[in-house]
Amino acid sequence: MATGSSAPSAPAPPGSGEKSHLFNFTGISANKAGMGADRKLVADFVYEKSKNSQYTQHQLELDAKQQARAELVAKELRIAEARMSEIELLSERRKIEAELEALEKHRDLSRTHCVVDMDMFYAAVEIRDQPSLASKPVAIGGLGMISTANYVARLYGVRAAMPGFIAVEMVRNPAAIGSKMPPDELVFITPNFAKYTQVAMETREIFRQYDPHFRAMSLDEAYLDLTDYLAAHGVSAEAAVQEMRDRVKARTGITCSAGIGPNRMVAKIASDERKPDGQSQVLPTREAVLEFMDRLPVRKLPGCGKVLENQISIMLGVQTCAELRAAAARVKRAFQGRKTCSFLMRACLGLSSDELAEEGGEVGNVARKSLSCERTFRAESEPAELRGRLRDLCRQVSEDMAASVPPLAGRVVALKTKASSFEVRNKQISLIQPVGFSPNFGKGGEDGREHAEQETARVTQELYKLLEPVLEEQFPCHLRLMGVRVSSFRDQRATLDKGQQLISFFQSKGSEQQEGPSAGAGPDNLNTGMPKPQIQEANVIDLDSSQEDQRDKSRDPPVQSQSLPKGCLKRVVERLASRRAKRIRLSGVCCPVCGVRVPEDQANRHVNAHYGDQ
DNA sequence: ATACATACC
DNA sequence: CACTGGTATGTAT
């Protein structure tokens with residue numbers, strides 16, 4: 001299993017005992033090494049602590065399934081290759097060379113992208129506000145799950161996404177995981193998301209000055225296109241980013257790391273190189289990019305997680321991007337007909353999908369596509385209790401839909417359940433009429449609040465009525481989690497921020513452009529390597545008319561932009577811009593997590609709601 | 001189209 | 001005490 005440099009390509013011998021799967025699923029891998037602790041010992045330790053849990057049993061099943069599949073494909077590959085003649089192999093080789101050559105056409109070295117990542121963000125904020133913690137092992141989260149660990153805790157092998165109760169044991173018993181640290185007690189801190197959000201706003205104020213269209217991926221990570229800034233100020237990327245990081249540190253007291261590169265993928269990977277409190281640049285030449293990519297383990301490619309890494313290892317015997325490139329022909333055969341194939345081919349050349357997007361006119365869609373709420377709880381069988389939880393979830397989803405701008409209505413609702421065995425089920429219902437709020441919801445006058453409550457209750461009830469029978473189908477059941485999701489929104493664009501991105505695109509590109517908004521505004525395609533559906537101008541028109549016109553257009557086919565009269569788009573953009581300005585004056589602050597605009601006095605509550613009000 | 005699995009922070 | 005939550009997307013059926 002590809003669990004690290006120790007055993008790069010050895011497939012797990014079937015039936016060789018419980019450690020054979022040496023935790024593919026811990027995700028501890030080439031790039032996720034815990035400093036100061038031995039990876040393998042950490043994996044063993046975690047395994048020992050949890051091998052009898054339902055969780056682990058379930059993970060082992062998934063793991064085994066995945067492993068068997070990879071081995072099957074590997075076997076078929078070997079057979080197919082054995083059957084190929086020299087001539088066939090040669091012609092295939094030539095074909096691949098040509099394809100790689102063709103991909104070079106998409107290489108764009110003209111832009112400078114930057115990814116900024118705050119160092120151990122939540123922990124850094126807490127330690128800033130309580131400096132006595134600095135020397136102690138600190139984890140943000142609880143016994144169930146850790147979201148961030150400081151560097152002291154990392155010396156004990158503690159990492160984000162690790163269950164807290166295991167982390168406690170590791171800190172108490174560092175020798176067991178090969179750490180030379182003295183035994184200690186892990187300090188837990190309950191996350192304070194409102195505070196982290198406040199700090200994130202401060203960093204974003206700074207980011208905005210370097211790229212007004214920067215994209216925040218989370219509270220602690222942002223993608224910037226520095227090209228215009230550098231041209232305007234005549235400074236080097238290195239200097240600009242250093243200055244930006246200095247300003248972030250001065251303003252927030254927290255360090256960050258950054259990567260600079262000719263596209264978002266390269267910048268993202270580079271941001272990991274000199275962490276913490278460092279920056280790294282990949283120069284905009286083909287040679288520099290290839291040299292950088294070549295030594296990279298494939299696992300470092302955003303989008304290549306532990307499963308794909310393992311597949312690549314088992315099926316191709318490949319660990320690094322250089323090997324991946326050399327094995328392009330086999331990559332193609334192994335993943336033929338799958339998006340993964342083109343993703344890998346481009347990625348190993350250091351090509352980011354945003355380059356393709358610009359070239360091909362395919363664009364990233366920045367609108368939200370689904371809204372959901374899920375809760376884990378102590379496993380429960382009682383129907384009345386489960387129904388109550390379902391109703392709570394429906395209420396929460398309804399409130400979040402109401403708080404969206406515009407208020408949401410969706411044609412698909414889904415119930416997710418996780419049994420105490422960790423088996424997950426999803427059941428979705430497609431509707432003719434969307435469930436949710438009218439686009440005009442929330443614009444009421446004096447009786448606005450009362451009406452809002454009434455409508456929210458109505459939507460809650462509609463969701464519940466749809467999903468309760470779905471839950472019923474599963475009785476008797478023993479559940480540890482339920483979740484409610486709404487998608488296929490009537491309004492494709494969901495947040496104010498994204499609306500502003502639309503405007504900026506149209507303004508910069510001019511009114512006769514036929515494509516949607518530039519993918520340069522966000523890293524939407526970064527992980528998948530694939531273009532997302534476009535936002536057509538039709539959506540903008542729809543948005544506009546939705547103000548005056550309540551007809552439900554959700555079932556109408558998308559209007560082709562070609563059918564729009566000349567000059568129409570420009571007017572739409574202007575009207576949109578003026579409405580935006582009005583809304584900004586009228587209504588509170590923009591949630592930095594979801595982009596939804598909420599009244600100022602509800603901002604904290606709203607932000608915390610994203611995280612379950614912890 | 002639906003369900004399930006993977007990935008990211 | 002006991003392995004998250006929200007969103008997107010890829011893959012299989």
Side-chain angles (χ1 to χ4, degrees), chain A residues 24-27 46 49-50 52-59 61-63 65-66 69 117-118 121-122 140-148 160-169 191 193 196 216-222 268 299 301-311 335 337-343 364-379 393 396-397 400 411-412 414-416 418 420 422-430 480-481 483-488 494 523-533 593-595 609-614:
Chain A
N24 212 358
F25 68 74
T26 56
V46 172
K49 287 294 163 194
S50 58
N52 295 321
S53 68
Q54 299 266 49
Y55 172 82
T56 299
Q57 291 311 309
H58 182 252
Q59 287 304 318
E61 277 169 33
L62 290 181
D63 221 24
K65 217 185 282 180
Q66 184 270 126
R69 221 193 115 61
D117 193 83
M118 302 300 291
F121 186 48
Y122 302 166
I140 309 303
L143 287 172
M145 186 53 60
I146 289 172
S147 60
T148 318
M162 179 178 276
F165 69 93
I166 288 174
V168 169
E169 303 273 320
F193 289 103
Y196 312 147
M217 290 303 283
S218 62
L219 290 183
D220 73 338
E221 189 180 72
K268 164 72 175 162
R299 181 64 168 86
L301 298 173
C304 180
K306 63 194 168 90
V307 171
L308 183 55
E309 175 194 37
N310 189 233
Q311 286 177 355
F335 296 99
R338 274 176 280 188
K339 312 222 172 195
T340 310
C341 179
S342 55
F343 160 67
N365 178 351
V366 289
R368 183 219 287 263
K369 294 190 179 65
S370 72
L371 186 157
S372 65
C373 179
E374 68 185 51
R375 285 286 97 96
T376 295
F377 43 85
R378 207 175 63 202
L393 291 167
Q396 190 59 57
V397 167
D400 290 350
R411 283 171 34 241
V412 173
L415 177 72
K416 170 178 173 178
K418 190 191 282 178
S420 56
F422 283 85
E423 189 193 355
V424 176
R425 298 175 65 166
N426 274 285
K427 174 86 180 181
Q428 74 180 50
I429 302 174
S430 296
R480 75 184 325 272
L481 172 148
V484 170
R485 192 182 71 245
V486 179
S487 54
S488 287
D524 303 83
N525 297 332
L526 183 75
N527 294 338
T528 63
M530 293 311 292
K532 295 183 178 183
V593 182
C594 68
H610 284 294
Y611 308 96
D613 251 336
Q614 295 170 59

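The sequence lines fix the lettering, A, B, ..., with proteins before strands; numbering per chain opens at 1.
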Review point. Which distance, rounded to the nearest 0.5 Å, do you find between the CZ of A:Arg425 and the CG of A:Leu481?
Key: 14.0 Å
Review point. Quick one: on DNA chain C, does A:Phe422 or A:Cys341 contact a more 5' nucleotide (nearest heavy atom)?
Key: A:Phe422
Point to revise | Given C:dT11, B:dA3, C:dG6, the nucleotide with the shortest approach to the side chain of A:Arg375 | key: C:dG6
Exercise for review: Supply the atom-to-atom distance A:Leu308 CG to A:Gln311 CD, rounded to the nearest 0.5 angstrom.
Suggested key: 5.5 Å
Check your understanding: Base, sugar-phosphate, or nothing for A:Lys416, non-hydrogen atoms under 4.0 angstrom?
Key -> nothing
Review point. For A:Leu481 and A:Arg338, take the nucleotide of DNA chain C holding the closest heavy atom to each; which residue's nucleotide lies nearer the 5' end?
Key: A:Leu481
Exercise for review: Indicate, with a heavy-atom threshold strictly under 4.0 Å, whether A:Ser430 touches base, sugar-phosphate, or nothing.
Suggested key: sugar-phosphate
Practice item. Measure from the side chain of A:Lys306, starting at C-beta and using heavy atoms only, and say which of C:dT7, B:dA7, C:dG10 lies closest. Key: B:dA7
Check your understanding: Touch check for A:Arg69, heavy atoms < 4.0 angstrom, all strands: base, sugar-phosphate only, or nothing?
Key -> sugar-phosphate
Exercise for review: For B:dA3, take OP1 and OP2 only and decide whether either is under 4.0 Å from a side-chain N or O of A:Lys427.
Suggested key: yes
Check your understanding: Using a cut-off of less than 4.0 Å, is there contact between a side-chain N or O of A:Thr56 and OP1 or OP2 of C:dC3?
Key -> no
Exercise for review: Select base, sugar-phosphate, or nothing to describe what A:Leu308 touches, counting heavy atoms under 4.0 Å on all strands.
Suggested key: sugar-phosphate
Exercise for review: Check the distance between C:dC3's P and A:Gln57's CD and give it to me in whole angstrom.
Suggested key: 14 Å
Study note, to complete from the structure: Of B:dT2, C:dG6, C:dT4, the nucleotide closest to the side chain of A:Cys373 is C:dG6
Exercise for review: Measure distances between side-chain N and O atoms of A:Ser53 and base N and O atoms of C:dC3, and say whether any donor-acceptor pair falls under 3.5 Å.
Suggested key: no
Exercise for review: Starting from P on B:dT6, measure out to CG on A:Asn426 and report it in whole angstrom.
Suggested key: 14 Å
Check your understanding: Between A:Tyr122 and A:Phe193, what is the ring plane arrangement, given parallel below 30°, perpendicular above 60°, and tilted in between?
Key -> perpendicular
Review point. Can you find a side chain N or O atom of A:Arg368 that sits less than 4.0 Å from OP1 or OP2 on C:dG6?
Key: no
Practice item. Apply side chain to side chain donor-acceptor pair (under 3.5 Å) to the pair A:Thr56 and A:Ser53, showing each step before the final yes or no. Key: CA-CA 5 Å; A:Thr56 299; A:Ser53 68; 3.0 Å; yes
Study note, to complete from the structure: Winner on side-chain proximity to A:Thr376, out of C:dA12, B:dA5, C:dG5, is C:dG5
**Study point:** A:Ala161 or A:Leu62, whichever maps to the more 5' nucleotide of DNA chain B
**Key:** A:Leu62
Practice item. Side chain of A:Leu143 only, please: which of C:dC1, C:dG10, C:dT7 is the nearest? Key: C:dC1
Point to revise | Distance in angstrom units between A:Gln54 CD and C:dT4 P, rounded | key: 13 Å
Point to revise | Side-chain donor or acceptor of A:Ser147 paired with backbone N/O of A:Ile140 under 3.5 Å | key: yes
Check your understanding: Using a cut-off of 4.0 Å on non-hydrogen atoms, how would the nucleic acid contact of A:Arg425 be classed: base, sugar-phosphate, or nothing?
Key -> sugar-phosphate
Review point. A:Gln396 CD to C:dG5 C1': how many Å, rounded?
Key: 12 Å
Exercise for review: Select one nucleotide: of C:dT7, C:dT4, B:dT6, the one nearest the side-chain heavy atoms of A:Ser370.
Suggested key: C:dT7
Check your understanding: Of all the choices, B:dC9, B:dT6, C:dG6, which nucleotide is nearest to the side chain of A:Ser372 once you look at every atom?
Key -> C:dG6
**Study point:** Separation of C:dG6 P from A:Glu221 CD (nearest whole Å)
**Key:** 20 Å
Check your understanding: Rounded to the nearest Å, what distance is computed from the CD atom of residue A:Gln311 to the C1' atom of nucleotide C:dG10?
Key -> 11 Å
Practice item. Write down the distance separating the P atoms in B:dA5 and C:dT4, rounded off to the nearest Å. Key: 15 Å
Check your understanding: When rounded to the nearest 0.5 angstrom, what is the spacing between CD in A:Gln54 and NZ in A:Lys418?
Key -> 12.0 Å
Point to revise | Nearest to side-chain heavy atoms of A:Ile166, which nucleotide of B:dC9, B:dA3, C:dC3 | key: C:dC3
Study note, to complete from the structure: Separation between CG (A:Leu62) and NZ (A:Lys65), nearest 0.5 Å, reads 6.0 Å
Review point. Is any side-chain N or O of A:Lys369 closer than 4.0 Å to OP1 or OP2 of C:dG6?
Key: no
Revision key, fill the gap. A:Glu374 has its side chain closest, among C:dG6, C:dC3, B:dT6, to C:dG6
Review point. Hey, does the side chain of A:Lys339 come within less than 4.0 Å of C:dA12's phosphate (OP1/OP2), counting only N and O?
Key: no
**Study point:** Separation of C:dC3 P from A:Ile146 CD1 (nearest whole Å)
**Key:** 13 Å
Check your understanding: Rounded to the Å, how far apart are A:Phe343 CZ and B:dT6 C1'?
Key -> 12 Å
